[in-house]
There are 2 protein chains.
Amino acid sequence: MQMKSVMPVTAVEVKTACSQCNLRELCLPFGLDPAEVDQLDEMVGSRRKVKRQQHLYRSGDPFEAIYAIRAGSFKTDVILEDGRDQVTGFQMTGEVLGLDGISTENHSCNAIALEDSEVCVIPFGRLEELSRQVEGLQHQFHKIMSREIVRDHGVMMLLGSMRAEERLAAFLLNMSQRFTARGFSASEFHLRMTRDEIGSYLGLKLETVSRAFSRFQEEGLVAVQQKHIRILDTPGLKRLLNHHAG
Amino acid sequence: MQMKSVMPVTAVEVKTACSQCNLRELCLPFGLDPAEVDQLDEMVGSRRKVKRQQHLYRSGDPFEAIYAIRAGSFKTDVILEDGRDQVTGFQMTGEVLGLDGISTENHSCNAIALEDSEVCVIPFGRLEELSRQVEGLQHQFHKIMSREIVRDHGVMMLLGSMRAEERLAAFLLNMSQRFTARGFSASEFHLRMTRDEIGSYLGLKLETVSRAFSRFQEEGLVAVQQKHIRILDTPGLKRLLNHHAG
DNA sequence: AAATCGTATTGATGTGGATCAAAGGGCCCC
DNA sequence: GGGGCCCTTTGATCCACATCAATACGATTT
């Protein structure tokens, strides 16, 4: 029998290969030709495994690299002096973490693994260097940053002007869409985060999240069993969002 | 007598000069040497005047350029199908507008002038081109995008976990800090936006904003006269933020 | 299979901010 | 410099979500 295969957080020497990665359509290599992807491969320093609940980086850490999620998922959060915290996002495979660190050379939020995960470490200086040579990489990187800004505006809209059930509906539809983009079922998935974390992200208390789930279940919109979600009526959820009249 | 002086939005031919601009420490030229600033000058296509209440761009418009605010101020907002809208930001001189458009090649929000304003039009294709040649420009641009992401996270924190008075205190301190960075008084300034717009940005109704202003006034934290604000007790406002205990 | 602990559900009550409503400015345009 | 309009303030009432509290569930350990 093998040793337990779970290892502590380490930068392993395994050579990464974007060209072989099934996430390349979502990630930095998107739109690059094979030769350019090879250049990217060379630049990606290493992979790093992060166990559930461990930090990939913390607020205040010096910024050196951005990270592409190869396996698993993360949350990012911001913490105030008085202890209040806010989840600012949930990230899945192919998404990029660490962009917040560019502005001040220090990270401004915490990134925590929701499950045992693995990231590709992309040293930022080298990314900028290669972006100066490879136009397609430069553009894709800019698109990824811009996408983050647009996503954040969506969350601001959600937090600023939606009611609890609308927020949860938006959240579920968003998760569904992202699972779909990764080749998983749009209607059935497993949430990696707790009700408390969902609540923090949506600006609600965990009890409110739980009650909204129960209401959706009563109304036949979803089947909920703890973290396992089955969406039964996607149009119904969308209706909840668009027609504000309750 | 002249014709009505309100003109349609136009791109004027006046040559811009970043090297002469007193905003260069806040804007794209930051950190560049004089020769590089000259290259940037050459790239900036034109200026454009935008009158109060007019759109610089609208959600859905094709993305071609980003804009540096040379004079005046703007708000950006997002509008849902059902009519609800959310102000996602207020922008002042030296700040950059339009980054939301990179991700899909279309703008995803509206940018509206709060007063008669002027922007420098920076064709995005040429910015990317020059960024490939000028390392300092590339890095400054990345910092500006990252700063926007960090700012958005701050707003998410505000919307997700602060009470009304905390939100307004954070808003006032933020405005004060940005006026200071532009050489204006930290303690006395003129807000260009209405209570309704402030409310939309802070996820509150205009009445709540008004009441919070009145409360601050009663408590001697600020002197409010319509849009004219005088901050009397900055530490007091900061205390409101950090010590959540009422 | 029992014990433990984090997570989730559900109920009862409280409250901050929304909503509804009515005056008051201030400013722009004629 | 008068009239109209938008913006703001303030008061009274309402309601969605928070808070407090108890229980239930599931996974893991023993």
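Side chains are part of it too, since the values below use all heavy atoms of this structure and drop only hydrogens, waters and symmetry mates. In what follows, chains are A, B, ... by sequence order, proteins preceding strands, each numbered from 1.
At a threshold of 4.0 angstrom between heavy atoms, the contacts of B:G203 are confined to the sugar-phosphate backbone, with no base atom among them.
Between the two ends of the helix from C:dA1-D:dT30 to C:dC30-D:dG1, each summarised by a five-pair axis, the helix axis turns through 50° (rounded to 10 degrees).
Residues A:R215 and A:E165 form a side-chain contact, since some pair of their non-hydrogen atoms from C-beta on lies under 4.5 Å apart. Between A:F63 and A:N106 the shortest side-chain heavy-atom distance does not fall below 4.5 Å. Annotation: side chain of B:L114 is in contact with side chain of B:F90 (closest heavy-atom distance under 4.5 Å).
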The contact string for nucleotides 1-14 of chain D, one letter per nucleotide 5' to 3', using protein heavy atoms under 4.0 Å with B, S and - for base, sugar-phosphate only and none, comes out as -------SBBBB--
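Between the C1' atom of C:dG17 and the CG atom of B:L202 lies a distance of 13 Å, rounded to the nearest Å. Separating the NZ atom of A:K205 from the P atom of C:dA8 is a distance of 15 Å, rounded to the nearest angstrom. The nearest whole Å value for the distance from the NE2 atom in B:H228 to the C1' atom in C:dG26 is 15 Å. Atom pair B:R84:CZ and C:dA18:C1' shows a separation of 14 Å (rounding to whole Å applied). Atoms CG (A:L114) and C1' (C:dT7) sit 15 Å apart, rounded to a whole Å. One atom, CG of A:L204, and another, P of C:dG17, lie 15 Å apart when rounded to the nearest Å. Look at CE on B:M162: it is 17 Å from P on D:dA18, rounded to the nearest Å. Here C:dA8 presents its P atom at 10 Å from CG of A:L191, a figure rounded to the nearest Å.
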Applying side chain to side chain donor-acceptor pair (under 3.5 Å) to B:D77 and B:N110, what does each step give before you reach the verdict?
CA-CA 5 Å; B:D77 67 15; B:N110 304 293; 3.0 Å; yes
Working for side chain to side chain donor-acceptor pair (under 3.5 Å), residues B:E188 and B:H228:
CA-CA 8 Å; B:E188 193 163 1; B:H228 191 85; 3.0 Å; yes
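Taking 4.0 Å as the cut-off between side-chain N and carboxylate O, A:E115 and A:R52 do not count as a salt-bridged pair. A salt bridge does not link A:E207 with A:R195: every distance from a Lys NZ or Arg NE/NH1/NH2 to an Asp or Glu carboxylate oxygen is 4.0 Å or more. The existence of a salt bridge linking B:K75 and B:E197 is confirmed by a sub-4.0 Å separation between a basic side-chain nitrogen and an acidic carboxylate oxygen. One finds a salt bridge joining A:E166 and B:R84 here, because a Lys/Arg side-chain nitrogen approaches an Asp/Glu carboxylate oxygen to under 4.0 Å.
Distances from the side chain of A:R163 to the nucleotides C:dA18, D:dA18, D:dA16 place D:dA16 closest.
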